[in-house]
Amino acid sequence: MSFINYDQQNEENRKVAGRIDGNPIYAPQLTKLNSEWRNGYGTKSDGQDTNSENQPTRKLTKSAKNLIIYFSRSGSTELLASKIAKETNADILEIIVKNPYAGNYQKTLSRANSERESQNYPKIDMNVPDLSQYQTVYLGYPIWAMTLSHPMTAFLTEYGNQLSDKKIAPFMTEGGYGQGDSVDRIKEILHQQGAKQDTFTNALVVDGNKVDHADSRVTQWVKQVTK
């Protein structure tokens with residue numbers, strides 16, 4: 001695996017937006033106005049799913065009843081996951097793919113379009129534990145082309161059979177067009193994988209360049225999930 005030297009990036013791109021399980025989160029799009037961000041077109045990432053300098057986030061305990069499972073390319077969804085983690089003290093499992101998406105938005109878009117057309121989704125590169133201890137599972141992802149991003153699709157296709165009898169709480173970052181059909185896709189995949197008796201909460205949907213201002217929304221949403 002190749003790594004990007006953060007010393008080669010400017011200070012704006014190196015600014016720490018937050019932390020998750022002690023690891024720094026880099027999300028340069030949070031400093032951008034809508035005109036600069038351009039619904040994601042202006043977003044850079046480190047090309048390693050926000051983990052060029054970190055080990056993938058993995059916090060697993062024997063007693064937790066809540067679990068956050070998330071994929072983040074540019075850092076926004078990871079920051080949102082960190083805010084939910086602070087509210088819930090949930091365990092955390094980050095989705096990692098074998099071949100990370102490019103930091104260049106257009107290259108990622110081209111790859112994602114090809115994957116969607118061929119339905120050849122990325123390979124997952126992580127060890128997934130037995131999920132039976134968890135009652136509530138928070139699923140976090142960015143919206144791609146008005147639907148579920150491919151790493152989350154791949155994860156649910158492979159491990160969705162472990163999510164029976166769970167409360168599913170979807171949260172997502174998006175480029176200004178909403179959640180699309182992503183929640184319906186989750187339900188469809190879980191059904192296909194044999195998961196049964198799930199319940200779904202309302203989704204938390206946040207613009208990708210505004211996650212740093214979402215604290216109050218996160219607090220209210222978590223209250224709704226846990227009541």
Side-chain angles (χ1 to χ4, degrees), residues 39-40 43 45 47-51 56-58 67-81 84 92-129 131 134 136-196 198-206 208 211:
N39 304 113
T43 300
S45 83
Q48 298 291 340
D49 304 337
T50 72
N51 280 299
T57 306
R58 186 180 178 91
L67 174 66
I68 298 168
I69 301 173
Y70 76 93
F71 168 77
S72 183
R73 172 187 163 271
S74 65
S76 290
T77 306
E78 185 164 63
L79 183 60
L80 194 55
I84 295 168
I92 311 169
L93 191 62
E94 181 178 6
I95 297 172
I96 299 297
V97 297
K98 286 187 176 180
N99 179 22
Y101 289 85
N104 179 280
Y105 181 89
Q106 290 295 340
K107 290 182 178 179
T108 290
L109 180 62
S110 177
R111 174 180 167 184
N113 287 339
S114 176
E115 289 173 342
R116 185 171 57 256
E117 290 171 3
S118 65
Q119 296 190 2
N120 183 21
Y121 297 118
K123 300 292 185 182
I124 299 299
D125 186 19
M126 57 191 294
N127 294 318
V128 177
L131 303 181
Y134 301 105
T136 300
V137 176
Y138 296 83
L139 293 179
Y141 50 89
I143 293 292
W144 287 0
M146 295 297 292
T147 193
L148 196 62
S149 54
H150 302 164
M152 181 59 76
T153 297
F155 177 87
L156 294 175
T157 299
E158 190 166 349
Y159 298 105
N161 59 351
Q162 290 203 51
L163 296 181
S164 288
D165 300 303
K166 310 292 187 190
K167 180 187 286 187
I168 305 295
F171 65 96
M172 65 208 73
T173 57
E174 47 81 40
Y177 302 103
Q179 69 184 45
D181 70 350
S182 64
V183 176
D184 288 337
R185 282 288 291 143
I186 294 173
K187 293 177 180 179
E188 178 183 24
I189 296 169
L190 292 183
H191 177 74
Q192 291 171 347
Q193 299 310 310
K196 299 178 180 178
D198 294 315
T199 59
F200 279 75
T201 72
N202 292 331
L204 175 64
V205 186
V206 180
V211 178

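If you read the sequence from its start, that first residue is 1, and numbering goes on from there. Please read these numbers as outputs of a predicted model, since none were measured by experiment.
Annotation: the span from Asn113 atom CG to Ser118 atom OG amounts to 10.5 Å, rounded to 0.5 Å. One finds the CG atom of Leu163 at 8.5 Å from the CG atom of Leu67 (value rounded to the nearest 0.5 Å). With rounding to the nearest 0.5 angstrom, the CG atom of Leu79 is 10.0 Å from the OG1 atom of Thr173. How far CG of Asp125 is from CD1 of Ile95: 12.5 Å, rounded to the nearest 0.5 Å. Between the CD1 atom in Ile68 and the CD atom in Glu94 there is a gap of 12.0 Å [rounded to 0.5 Å]. Distance check: Tyr138 OH to Leu80 CG gives 12.0 Å after rounding to the nearest 0.5 Å.
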Validation: residues 143-155 side-chain donor-acceptor distances under 3.5 Å, sequence neighbours left out:
| from | atom 1 | to | atom 2 | distance (Å) |
| --- | --- | --- | --- | --- |
| Thr147 | OG1 | Asp181 | OD1 | 2.6 |
| Ser149 | OG | Pro142 | O | 3.1 |
| His150 | ND1 | Glu115 | OE1 | 2.9 |
| Thr153 | OG1 | Ser149 | O | 3.3 |

Which pairs of donor and acceptor atoms, one on a side chain in residues 184-196, lie under 3.5 Å apart (sequence neighbours left out)?
| from | atom 1 | to | atom 2 | distance (Å) |
| --- | --- | --- | --- | --- |
| Arg185 | NH1 | Glu188 | OE1 | 2.8 |

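At least one side-chain heavy atom of Leu93 sits less than 4.5 Å from a side-chain heavy atom of Met126. Residues Thr201 and Thr136 fail the side-chain proximity criterion, which asks for heavy atoms closer than 4.5 Å. Using a 4.5 Å heavy-atom cutoff, the side chains of Tyr159 and Ile69 are not in contact. Between Ser182 and Met172, the closest side-chain pair of non-hydrogen atoms falls below 4.5 Å. Leu131 places a side-chain heavy atom less than 4.5 Å from the side chain of Pro129.
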Step-by-step side-chain contact (heavy atoms from CB on, under 4.5 Å) determination, Phe171 to Thr77: CA-CA 8 Å; Phe171 65 96; Thr77 306; 4.1 Å; yes
Show your working on side-chain contact (heavy atoms from CB on, under 4.5 Å) between Ile84 and Tyr70 and close with a plain yes or no. CA-CA 11 Å; Ile84 295 168; Tyr70 76 93; over 6 Å; no
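Heavy-atom minimum distance, Val205 versus Glu174: CG1-CG, 3.4 Å.
Looking at Thr157 and Tyr121, their side chains never bring a donor and an acceptor atom within 3.5 Å of each other.
Within 6.0 Å of CD in Gln119 there are 12 or fewer heavy atoms belonging to other residues, nucleotides or ligands.
Partners of Tyr134 according to the side chain to side chain donor-acceptor pair (under 3.5 Å) rule, which considers only residues two or more places apart in sequence or in another chain, are Asp91.
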